[in-house]
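To start, the structure itself, in structure tokens.
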Amino acid sequence: MRSRLAHTNPEYCQIQIKMGINDLYSKRKKLAEQGDKPEVYQYINLPLEFRRQVIHIWVTAIGPYRAEQYSAGYEPLVNRLWRTTHDSLARELGLFNLGSEYQQPFDQCQSFLLNKNTSVEHLLDLIELTFRQIDEVIRKILESPKFRGELDVSQHPDSAIYELNHRFREHAIGYQYNNGQIIRVDSGFIHAEVVVPALSLLVSEHFKGAEEEFRSAHAHYRNKEHKEAIVDALKAFESAMKIICEECEWSYPKNPNAPKNPTAKDLIKLVLENELVPEYLQSHLSGLRSVLEAGVPTVRNKTSGHGQGAQPIKVPEYLAAYVLHLTASNIVLLVEAYRDKKGNLV
């Protein structure tokens with residue numbers, strides 16, 4: 001059976017997006033009633049309507065399970081995808097089945113998603129796993145002339161991901177899918193203007209280690225592991241600076257009494273002394289070094305960087321969110337400055 005998705009160019013993707021999301025009267029009325037009120041996200045409930053919309057995306061972007069009879073030894077590709085998805089999540093959660101043992105894998109995934117007793121964390125696990133399949137596996141299949149015809153899909157992966165993130169926002173659910181991972185969103189503006197650009201810069205500039213650490217920080221934050229989130233945020237900040245120094249051939253400080261690895265303070269001093277950000281701008285920004293040094297590293301050292309003693313230190317959620325946003329802002333500033341400097345050297 002030939003895939004109904006015969007085109008993968010941007011114009012076609014836009015057509016698919018319009019097909020998935022429609023501007024309805026009820027939506028316009030809701031937006032008008034909201035007026036200028038700021039977005040307020042919630043994290044403890046995935047409404048039934050949202051879950052059904054996710055299933056609709058599954059059907060158009062992956063395809064439903066094919067229950068027809070096939071010759072021995074042959075299993076349709078879409079069936080293998082659903083079986084792999086089901087078995088992977090069931091294994092991770094320590095379950096034998098996500099639904100009834102008499103259901104096929106796609107139906108079990110639907111039952112699990114619609115079950116009111118499934119926790120939000122596990123719902124997000126399933127959504128993340130299925131959209132990772134769409135983003136990585138389905139995308140590769142559609143790019144392959146050999147296997148494309150085995151799928152009956154009508155929605156391109158980019159369109160599916162766009163629609164999922166739109167549905168999250170539409171229901172004021174504070175999560176977004178980005179590059180294989182569900183991440184928590186506290187402010188729509190900050191997420192769009194700071195966090196996403198930071199992730200995009202780390203990917204585009206091949207800052208692989210820094211990207212993994214920044215995503216790890218978001219994963220800890222989503223799981224309410226606030227200390228670990230702060231630690232990984234600093235690691236991402238330091239890794240980004242180390243890569244910039246290496247690319248620009250700036251040697252780390254040669255202090256024989258210093259630890260083997262330079263501290264964030266050492267790296268900040270190095271990149272600013274080499275005028276990654278022009279000196280006149282450093283002064284204009286009221287002491288950029290002080291801002292950077294007193295931000296992420298200080299919070300990390302005060303809360304998560306050393307032994308906590310007899311009394312456990314509780315890191316509040318708002319502080320972890322602040323550190324993640326501050327880290328993203330710092331990464332955007334430094335990587336954009338690096339790109340500008342590299343462009344001027346070419």
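Values below: every heavy atom of this structure, side chains too, minus hydrogens, waters and symmetry copies.
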With distance as the sole test, does [X] use its side chain to make a donor-acceptor pair with the main-chain N or O of [Y] at under 3.5 Å?
X	Y	result
S88	T85	no
Y322	H325	no
H122	T118	no
E317	A320	no

If you measure only the distance, is there a donor-acceptor pair under 3.5 Å linking the side chains of [X] and [Y]?
X	Y	result
S100	Q108	no
E225	H220	yes
R184	Q176	no
Q155	E163	yes

How long is the gap from [atom1] on [X] to [atom2] on [Y], to the nearest 0.5 Å?
X	Y	atom1	atom2	value
S216	Q181	OG	CD	8.0 Å
E212	D232	CD	CG	11.0 Å
I55	L113	CD1	CG	5.0 Å
N165	I173	CG	CD1	11.0 Å
N115	L123	CG	CG	8.5 Å

Closest non-hydrogen atom pair, L46 against R51: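 It is O-NE, 2.8 Å.
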Smallest separation among heavy atoms of L95 and L98, with atom names: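 That would be CD1-CD2, 4.1 Å.
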Test side-chain hydrogen bond (donor to acceptor under 3.5 Å, both in side chains) applied to E211 and N179, step by step: CA-CA 11 Å; E211 183 207 2; N179 198 24; 3.1 Å; yes
Side chains of [X] and [Y], heavy atoms from C-beta outward: is any pair under 4.5 Å?
X	Y	result
W82	I62	yes
D158	R139	yes
K242	P262	yes
I141	E150	no

Does the pair R83 and E75 meet the rule for a salt bridge (Lys or Arg N to Asp or Glu O under 4.0 Å), with working shown? CA-CA 10 Å; R83 177 168 52 79; E75 183 181 21; 2.7 Å; yes
Regarding D266 and K269, does a basic nitrogen lie under 4.0 Å from an acidic carboxylate oxygen?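 Looking at D266 and K269, the cut-off is not met.
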Ring geometry between [Y] and [X] (parallel below 30°, tilted from 30 to 60°, perpendicular above 60°):
X	Y	answer
F50	H171	perpendicular
H166	Y162	parallel
Y43	Y175	perpendicular

